[in-house]
Amino acid sequence: MNRSLVAAIVLGAGAAAGIAPAHAAEYPSEPLNYVICFNPGGESDITARIQEQALKRHYKQGVVVSYKIGGGGSVGWSDLVHSTKPDGYTLAGHNLPHIVLQPLQRGNAGYQTSDLENVYIFESTPNILLVRNDSPYKTLKDFIAAAKGKPSGLTLGGSGSASANELGTIMLNKAAGIRTTYVPFTGSGSAAPALMGGHVSGLMSYSTMAIEHKGKFRALAIMTDERMKVLPDVPTFKELGYDLVEGAYRGVAAPPGTPDDVVKKAAAIFEDVMNDPEVVKKMDENGFKIEKMGPEQSTAFVNSRIPLYKDLVKDLGQAKAK
């Protein structure tokens, strides 16, 4: 019998028997390219840097943290979907609600939510309202009163458009009956200098930024059910009379078509990393809430958020039309 035919028969039999392909069995045997779709200094970048050393114990050939910035993350996610080999050696940090809101809002974001192969969701950060330490707004009440007294409203910077920060701004406007203008930046790391320079009235940012800039920024309220242990003096919006709970969830995604075995092995690696005592300590200190969702749970979680975000998109559209 022809050798090629024999090889094809053997390969087919192996596939039918559920034998994993060699590349999956060997994973990981190459370096990991960990793509960050936002500016250096933001939450996605900080998380990757905290994880980097622990990841290197698994990816013996090395870990490279790289950046593909633009479109509030959509440039990087579009590249992941359309131009990246689905072998598990290039993973991109991804972010809810961005990966749902962008395709809903833009019509053509360069990718669809379902294109991203969820590997693992590992952390979340609640929205937090920040002003400069020398701001005249000492409390949330002060900020809301000022916004009501200005016909043009105040400006709030944040991490990208169609983001948790933009949602938080719209939610605050609606709940408090005020008008603020949201100013999107290419990440929370680039939004912070805008507040330092007085180019915006405040930031709708994340808990991590409140800790990183504690000496320069004042936190007025946080969108959590209860106060965070690392920010015990920051009141929740709920305790101040506004039932607002919102934030961002972050993880990593693979290109569509990545073999299931490779996705599962990559997820197991991130599971181990998020159990590392040093990683846990740094995540807590920096204001991240650790989440542990594997491929199936991550996908189910993303799908469960879509109806909520669809409703909020209507408010986003109305806000932009005004």
Side-chain angles (χ1 to χ4, degrees), residues 33-39 42-48 66-84 86 88 90-127 158-170 182 184-188 204 206 246-258 263 266-267 270 288-289 291-317:
N33 179 25
Y34 191 160
V35 180
I36 303 302
C37 302
F38 298 92
N39 278 37
E43 285 72 20
S44 296
D45 182 43
I46 294 169
T47 304
S66 61
Y67 302 88
K68 191 167 288 291
I69 302 160
S74 64
V75 171
W77 298 321
S78 178
D79 186 75
L80 182 77
V81 167
H82 298 292
S83 307
T84 304
T90 296
L91 302 176
H94 76 334
N95 183 315
L96 278 167
H98 298 60
I99 61 168
V100 174
L101 287 178
Q102 288 176 354
L104 285 176
Q105 271 195 293
R106 298 179 185 174
N108 182 15
Y111 69 97
Q112 292 297 318
T113 305
S114 58
D115 291 335
L116 299 170
E117 186 72 53
N118 289 289
V119 175
Y120 202 84
I121 290 177
F122 40 64
E123 55 99 334
S124 61
T125 48
N127 282 330
S159 175
S161 57
S163 67
N165 292 162
E166 185 171 19
L167 283 185
T169 302
I170 299 299
Y182 180 75
F185 291 86
T186 52
S188 54
M204 183 61 75
Y206 299 116
E246 185 56 63
Y249 293 80
R250 298 179 190 82
V252 282
T258 304
V263 170
F270 275 90
F288 294 100
K289 181 178 181 295
E291 310 284 350
K292 295 179 181 178
M293 302 184 216
E296 292 182 1
Q297 191 179 1
S298 294
T299 299
F301 181 72
V302 170
N303 290 338
S304 74
R305 304 289 288 181
I306 290 175
L308 168 66
Y309 296 147
K310 278 185 175 179
D311 286 341
L312 289 170
V313 161
K314 298 173 187 175
D315 291 328
L316 284 170

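What you see is a predicted model, and the numbers here were worked out from it, not measured in a lab. Numbers for residues simply follow the sequence, beginning at 1.
- Looking only at side-chain heavy atoms (C-beta outward), N39 and D45 stay at 4.5 Å or farther from each other.
- A cation-pi contact links R250 to Y206, judged by a cut-off of 6.0 Å to the six-membered ring centre and 45° from its axis.
- L80 has its side chain out of reach of K68: every pair of non-hydrogen atoms, C-beta onward, lies at least 4.5 Å apart.
- Within the 3.5 Å criterion, the main-chain N or O of V75 finds no donor-acceptor partner in the side chain of D79.
- Under the 3.5 Å distance criterion, the side-chain polar atoms of T113 are matched with a main-chain donor or acceptor of I99.
- A 4.5 Å side-chain heavy-atom check between E117 and P86 finds every atom pair outside the cut-off.
- Using a 4.0 Å cut-off between charged side-chain N and carboxylate O, K289 and E43 make no salt bridge.
- In this structure, the separation between OG on S163 and CG on N127 is 8.0 Å, given to the nearest 0.5 Å.
- Atom CD of residue E123 and atom OG of residue S44 lie 7.0 Å apart, to the nearest 0.5 angstrom.
- Here NE2 of H98 is found 10.0 Å from SG of C37. Values are rounded to the nearest 0.5 Å.
- For the atom pair CG (L101) and CG (L167), the distance works out to 5.0 Å, reported to the nearest 0.5 Å.
- Within 6.0 Å of NZ on K292 lie more than 12 heavy atoms contributed by other residues, nucleotides or ligands.
- Summarising the geometry of A164 relative to E246, their closest heavy-atom pair is O-CG, 4.4 Å, with the distance given to 0.1 Å.
- Panel note: side chain Q105, backbone S161; no donor-acceptor pair is recorded below 3.5 Å.
- Using bins of under 30°, 30° to 60° and over 60° for the plane-to-plane angle, the ring pair F38/W77 lands in the perpendicular bin.
- Panel note: side chain T258, backbone V263; no donor-acceptor pair is recorded below 3.5 Å.
- A donor-acceptor contact closer than 3.5 angstrom is absent between the side chains of S298 and Y249.
- The shortest side-chain heavy-atom distance between Y34 and L91 does not fall under the 4.5 Å cut-off.
- Residues L116 and Y111 have side chains in contact (heavy-atom distance under 4.5 Å, counting atoms from C-beta outward).
- A side-chain donor from one of H94 and N118 sits under 3.5 Å from a side-chain acceptor of the other.
- A distance of 7.5 Å separates OG of S124 from CE of M293, quoted to the nearest 0.5 Å.
- For N165 and S159, the side-chain atoms include no donor-acceptor pair closer than 3.5 Å.
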